[in-house]
Engineer: 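To start, I am sharing the structure in question, which I have written as C-alpha cells.
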Amino acid sequence: MSRDKKLIIGNWKMNLNTHEASLYLHKLSQIVAVRRDVEVVLAPTLLAVQSLSLQIDRRQFKLAVQNLYWRDHGAYTGEVSATQLRGIVDYALIGHSERRHLFNESDKDTRNKVQAAIRNHIYPVLCIGETASERAAGETHDVLHDQLVGGLANVTSEDLESVIIAYEPVWAIGTGDNALPGDVAKAITAIRSQIKHLYGPAAAKSIRVLYGGSVKADSAADYLATEGVDGLLVGGASLDAHAFVEIIKKAHNDSIVVKK
Ligand code: PEP
C-alpha cells in the first residue's frame with residue numbers, strides 16, 4: 001500500500017466483550033465514511049476478531065490482532081498463530097510496548113512474530129519506542145535502532161514492503177503525555193535513516209511509519225501534519241466513537257467520499 005493512504009489503527013486493548021465490541025462496531029459503521037484516502041483498522045480483543053470479521057464491511061474497516069504467536073501449529077497452550085488468523089485479519093500489532101514491558105517480549109519474539117505475520121499474508125505493525133528513563137538518558141535513537149534491527153532481522157527487501165512501523169514512545173502511551181511533533185519528526189527521521197542503512201533509500205522513502213501515544217481528536221491533526229508520519233495508532237481515544245471519528249476525519253484530504 002502506498003504512503004498516500006493514511007492508516008488509522010484503533011487499539012481497543014483488553015476492553016469490550018464480544019457483544020460490546022459488536023455494538024461498538026455497529027455504531028462506528030454508521031458514522032465512519034468509506035474513503036479512498038484513509039484505511040481504518042480496528043484491533044479488538046482476540047475473542048471478538050472472528051465474529052467482527054463476519055460483521056465488518058472490509059471497504060470500511062480492516063481488522064488487526066493485538067498479538068499473535070509465531071509458530072504455525074503445535075503444542076503451545078493458550079496461543080493463537082498467524083496461520084490460524086490468516087484470512088480473518090489484515091494486520092497484526094507486534095511488539096506493542098505493553099507486550100514488551102508487561103509480558104517481557106524480546107526483540108527475538110518480535111522478529112519471529114514479524115516473520116510469522118509476513119508468511120501468513122498479514123501486515124505486521126512493528127511497534128517501537130523508548131521508555132521515560134531511556135529518553136532521559138538520551139538513548140532514544142539507540143533504542144529505536146536496536147528494536148528495528150532486532151525486529152526486522154531476516155526480513156528481506158521484498159518482505160519489507162508489507163511491514164509498517166509504529167513509533168510509540170512508551171512514556172506517552174495511555175498517560176496523556178504528548179510527545180512534541182518536533183520530537184516525533186526527529187524520531188521518525190532516525191527510523192527512516194536506519195531503514196535506509198538496512199534496505200536502501202527507496203525503502204526508507206516508501207515504508208509507512210505511524211505515530212502512537214495519547215493521540216486525541218485535538219492533537220491528531222498536528223501529528224498527521226508531522227514530517228514522515230503516515231498515520232496513527234490510537235489506544236484510549238479509539239474507544240470513544242466521537243473522538244475516534246474526529247481523528248479519522250483529520251486524516252482525510254479532499255478526495256471523494258465513496259460511501260457515507
Ligand atoms: C496504544 O495502545 O498503542 C496507544 C498509543 O495507546 P494510547 O493512545 O491510549 O496512548
Side-chain angles (χ1 to χ4, degrees), residues 6-16 21 24 28 38-49 61-68 89-103 105 109-110 113-114 117 123-132 134-135 140 143-144 147-148 151 163-181 183-185 187-188 191 208-224 226 228-251:
K6 293 277 186 269
L7 186 57
I8 307 291
I9 306 181
N11 176 15
W12 298 355
K13 311 196 188 200
M14 200 176 69
N15 295 296
L16 308 182
Y24 186 51
L28 281 179
V38 181
E39 180 143 303
V40 181
V41 179
L42 307 174
T45 164
L46 184 57
L47 196 62
V49 158
F61 302 110
K62 301 278 194 284
L63 287 176
V65 277
Q66 300 171 15
N67 182 33
L68 49 73
V89 297
D90 288 292
Y91 293 85
L93 305 184
I94 308 282
H96 188 280
S97 69
E98 287 150 18
R99 301 293 322 164
R100 291 181 191 265
H101 297 287
L102 301 175
F103 300 99
E105 272 191 19
D109 295 321
T110 64
K113 291 178 181 194
V114 166
Y123 296 113
V125 180
L126 176 63
C127 303
I128 60 175
E130 79 287 0
T131 62
E134 289 162 343
R135 178 177 180 236
T140 298
V143 171
L144 298 179
Q147 292 181 347
L148 270 180
V163 175
I164 295 128
I165 306 294
Y167 170 56
E168 298 210 296
V170 180
W171 50 271
I173 297 181
T175 58
D177 273 352
N178 281 314
L180 295 172
D183 290 342
V184 173
I188 290 183
I191 290 169
R208 287 180 295 162
V209 184
L210 313 182
Y211 170 71
S214 295
V215 175
K216 302 279 181 284
D218 58 3
S219 59
D222 283 347
Y223 292 121
L224 286 163
T226 297
V229 172
D230 300 310
L232 302 169
L233 177 46
V234 184
S238 72
L239 289 164
D240 172 339
H242 175 73
F244 192 52
V245 169
E246 285 308 305
I247 291 169
I248 295 165
K249 283 185 185 163
K250 301 281 170 32

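Only a predicted model underlies this, so the values are computations on that prediction, with no experimental measurement involved. Remember, it's 1-based here, ligands and their atoms both numbered in the order they're listed.
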Engineer: Whether E98 and K13 form a salt bridge (side-chain N of Lys/Arg under 4.0 Å from carboxylate O of Asp/Glu) is what I want to check.
Structural biologist: yes

Engineer: Is the shortest N/O to N/O distance between G174 and ligand 1 below 3.5 Å?
Structural biologist: yes

Engineer: Pair K113, E105 - check salt bridge (Lys or Arg N to Asp or Glu O under 4.0 Å), show working.
Structural biologist: CA-CA 11 Å; K113 291 178 181 194; E105 272 191 19; 2.6 Å; yes

Engineer: Is V49 close to V65 at the side-chain level, that is, under 4.5 Å between some pair of heavy atoms?
Structural biologist: yes

Engineer: Between A243 and A217, what is the shortest heavy-atom contact and its length?
Structural biologist: O-CB, 4.1 Å

Engineer: Just let me know how A172 lines up against ligand 1, side chain, backbone, both or neither, with a heavy-atom cut-off below 4.0 Å.
Structural biologist: backbone

Engineer: Under 4.0 Å from a heavy atom of I173: which atoms of ligand 1 are those, numbered in the order shown and with their elements?
Structural biologist: 4 (C), 6 (O), 10 (O)

Engineer: Backbone, side chain, both or neither: what part of N11 comes under 4.0 angstrom of ligand 1, heavy atoms only?
Structural biologist: side chain

Engineer: Should G213 be counted as touching ligand 1, given the test is an N or O pair under 3.5 Å?
Structural biologist: no

Engineer: Nearest 0.5 angstrom please: T110 OG1 to R99 CZ, how far?
Structural biologist: 12.0 Å

Engineer: Considering only the protein, which heavy-atom contact is closest to atom 9 (O) of ligand 1, and what is its distance?
Structural biologist: G236 N, 2.8 Å

Engineer: To check your reading of the model: name the closest protein heavy atom to atom 5 (C) of ligand 1, its residue, and the distance in Å.
Structural biologist: E168 OE2, 3.0 Å

Engineer: When you compare the side chain of W12 with that of L42, does any pair of heavy atoms fall below 4.5 Å?
Structural biologist: yes

Engineer: Tell me the protein heavy atom at minimum distance from atom 1 (C) of ligand 1, and give that distance in Å.
Structural biologist: H96 NE2, 3.2 Å

Engineer: Any idea which protein heavy atom is nearest atom 8 (O) of ligand 1, and the distance to it?
Structural biologist: G235 N, 2.8 Å

Engineer: Any N or O of E98 that comes nearer than 3.5 Å to an N or O of ligand 1?
Structural biologist: no

Engineer: Could you tell me which atoms of ligand 1, counted from 1 in the order shown, lie closer than 4.0 angstrom to a heavy atom of L233?
Structural biologist: 3 (O), 5 (C)

Engineer: Hey, could you give me the CG/CG distance between L180 and N178, rounded to the nearest 0.5 Å?
Structural biologist: 8.5 Å

